[in-house]
Protein chains: 2
Amino acid sequence: MRKYKDIGLKLTPQRIAILDYLDGNRQHPTAEEIYRAVSKRFPTMSFATVYNTLETLRRRGSISELTIEQGKKRFDPDPSPHHHLMCMVCKQVHDIGRDFPLPLTEGERRGFDILATHVEFHGICPECRAAGTNARAVAG
Amino acid sequence: MRKYKDIGLKLTPQRIAILDYLDGNRQHPTAEEIYRAVSKRFPTMSFATVYNTLETLRRRGSISELTIEQGKKRFDPDPSPHHHLMCMVCKQVHDIGRDFPLPLTEGERRGFDILATHVEFHGICPECRAAGTNARAVAG
DNA sequence: CTGGCTGCAAATCTTTTGCATCCTG
DNA sequence: CAGGATGCAAAAGATTTGCAGCCAG
């Protein structure tokens with residue numbers, strides 16, 4: 001995510017705290033988790049600043065925003081294209097750093113310019129399986 | 001989606017209206033779009049009924065719920081596994097009815113039971129491209 | 001008849017916005 | 001010192017919930 005190398009970005013202490021928290025973070029945190037973490041250092045931190053900063057970073061291509069959990073955004077400090085594996089029960093998200101061949105025929109493409117392709121693997125993690133969670137309850 | 005064949009489901013007029021609207025519908029409508037459509041027939045229809053019915057149908061495996069557009073649910077009357085192509089600008093969603101080989105190594109699986117795999121193609125549709133929308137503005 | 005369903009309103013949760021003040025470059 | 005960033009609170013948008021009354025099976 002090229003921390004601090006984002007020339008043109010005004011580096012405030014709050015932004016540095018967010019960048020520090022995200023750097024190397026493999027948890028794919030939600031906005032709330034980021035807010036809670038940086039609030040420890042900056043008790044006056046507001047959601048507005050968290051969302052503003054994340055949106056700025058996303059537009060610069062420094063991070064990516066995941067639409068994998070219903071109803072909330074998750075953020076990934078790794079902006080390069082890759083895929084994800086999510087536990088349907090506890091919502092933990094892992095990276096799948098592999099390329100899959102995903103060619104579309106002209107008919108399937110429907111004239112679209114394809115800009116991104118994302119594969120989501122949904123399942124039950126070992127911990128949740130051991131905890132006896134009924135997969136069908138969440139998997140439908 | 002086996003309309004009406006869902007034995008054990010109490011068939012109220014409201015549910016029939018929702019089933020009728022979804023049957024054969026390829027628009028991947030949001031809850032709001034479903035609400036608006038069935039409200040024409042049932043002016044007293046409430047969001048609670050729409051959400052209740054959709055959740056009931058999903059749990060029965062009669063429809064599937066898409067997590068492809070940020071912040072809202074979309075519903076697909078086709079519950080069989082398939083993939084999707086979405087326009088990043090106007091959010092229209094198309095089906096991709098093809099299987100792709102998406103094998104995970106043991107290491108990549110991390111002990112998960114994989115229950116579903118979903119490929120999302122994101123791009124710009126011909127109409128939005130013609131309208132001159134700047135892809136980078138939305139694509140980041 | 002009765003348990004599940006409906007409809008309304010209020011509540012919840014996440015994200016966005018307006019605006020006065022602040023501070024980095 | 002100017003323009004962008006912050007923080008607060010209020011607003012917005014989507015979904016969920018509580019509950020009294022209703023109706024399909």
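When reading the values below, keep in mind they use all heavy atoms of this one structure, side chains included, and skip hydrogens, waters and symmetry mates. In what follows, chains carry the letters A, B, and so on, assigned in the order in which the sequence lines appear, proteins first and then strands, with residues in each chain numbered from 1. Quick caveat: nothing in here was measured; it's all calculated off a predicted structure.
Under the rule for a ring-ring contact (aromatic ring centres under 6.0 Å, His included), the partners of B:His84 that lie at least two apart in sequence or sit in another chain are B:His28, B:His82, B:His118. Considering only residues two or more places apart in sequence or on other chains, B:Tyr35 meets the ring-ring contact (aromatic ring centres under 6.0 Å, His included) condition with B:Phe47. For A:Gln70, the side-chain contact (heavy atoms from CB on, under 4.5 Å) partners at least two apart in sequence or on another chain are B:Glu65, B:Thr67, B:Lys73. Residues passing the ring-ring contact (aromatic ring centres under 6.0 Å, His included) test with B:His94, sequence neighbours excluded: A:Phe112. Partners of A:Thr105 under the side-chain contact (heavy atoms from CB on, under 4.5 Å) rule, at least two apart in sequence or in another chain, are A:Glu108, B:Arg98. Annotation: side-chain contact (heavy atoms from CB on, under 4.5 Å) contacts of A:Thr12 (sequence neighbours excluded): A:Gln14, A:Arg15.
Comparing the end axes of the helix from C:dC1-D:dG25 to C:dG25-D:dC1, each fitted to five base pairs by superposing C1' atoms of four pairs onto the next four, gives an inter-axis angle of 40° (nearest 10 degrees).
Note that CG of A:Leu102 and CZ of B:Phe121 are 5.0 Å apart. Values are rounded to the nearest 0.5 Å.
Residues in residues 114-126 of chain A take part in no salt bridge (Lys or Arg N to Asp or Glu O under 4.0 Å) pair, two or more places apart or across chains. Note on residues 34-44 of chain A: pairs passing salt bridge (Lys or Arg N to Asp or Glu O under 4.0 Å), not counting sequence neighbours, are A:Asp20-A:Arg41, A:Glu32-A:Arg36.
The stretch residues 33-45 of chain B touches DNA chain C through B:Thr44, B:Met45, each having a heavy atom within less than 4.0 Å of the strand.
With contacts defined as side-chain heavy-atom distances shorter than 4.5 Å, the pair A:Glu127/A:Cys90 does not qualify. Looking only at side-chain heavy atoms (C-beta outward), A:Ile34 and A:Tyr51 stay at 4.5 Å or farther from each other. Between B:Asp76 and B:Val93, the closest side-chain pair of non-hydrogen atoms is not below 4.5 Å.
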Any protein N or O atoms within reach of nucleotides 2-5 of chain C? Criterion: under 3.5 Å, listing atom names and distances.
residue : atom : partner : partner atom : Å
C:dG3   : N2   : B:Lys10 : NZ           : 2.7
C:dC5   : OP1  : B:Arg15 : NH1          : 2.8
C:dC5   : OP1  : B:Arg15 : NH2          : 3.0

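The residue among B:Pro13 and B:Ala31 whose nearest nucleotide of DNA chain D lies closer to the 5′ end is B:Ala31.
Remark: C1' of C:dT12 and NZ of A:Lys72 are 12 Å apart, rounded to the nearest angstrom. With rounding to whole Å, B:Phe47 atom CZ is found 15 Å from C:dT6 atom P.
Side-chain proximity of A:Tyr51 to C:dC8, C:dT24, C:dT14: nearest is C:dT14.
Between chain A and DNA chain D, the heavy-atom contact criterion of under 4.0 Å yields a 5' to 3' nucleotide range of D:dG3 to D:dC8.
Remark: side-chain polar atoms of B:Arg58 are not paired, donor with acceptor, to backbone N or O of B:Phe75 under 3.5 angstrom.
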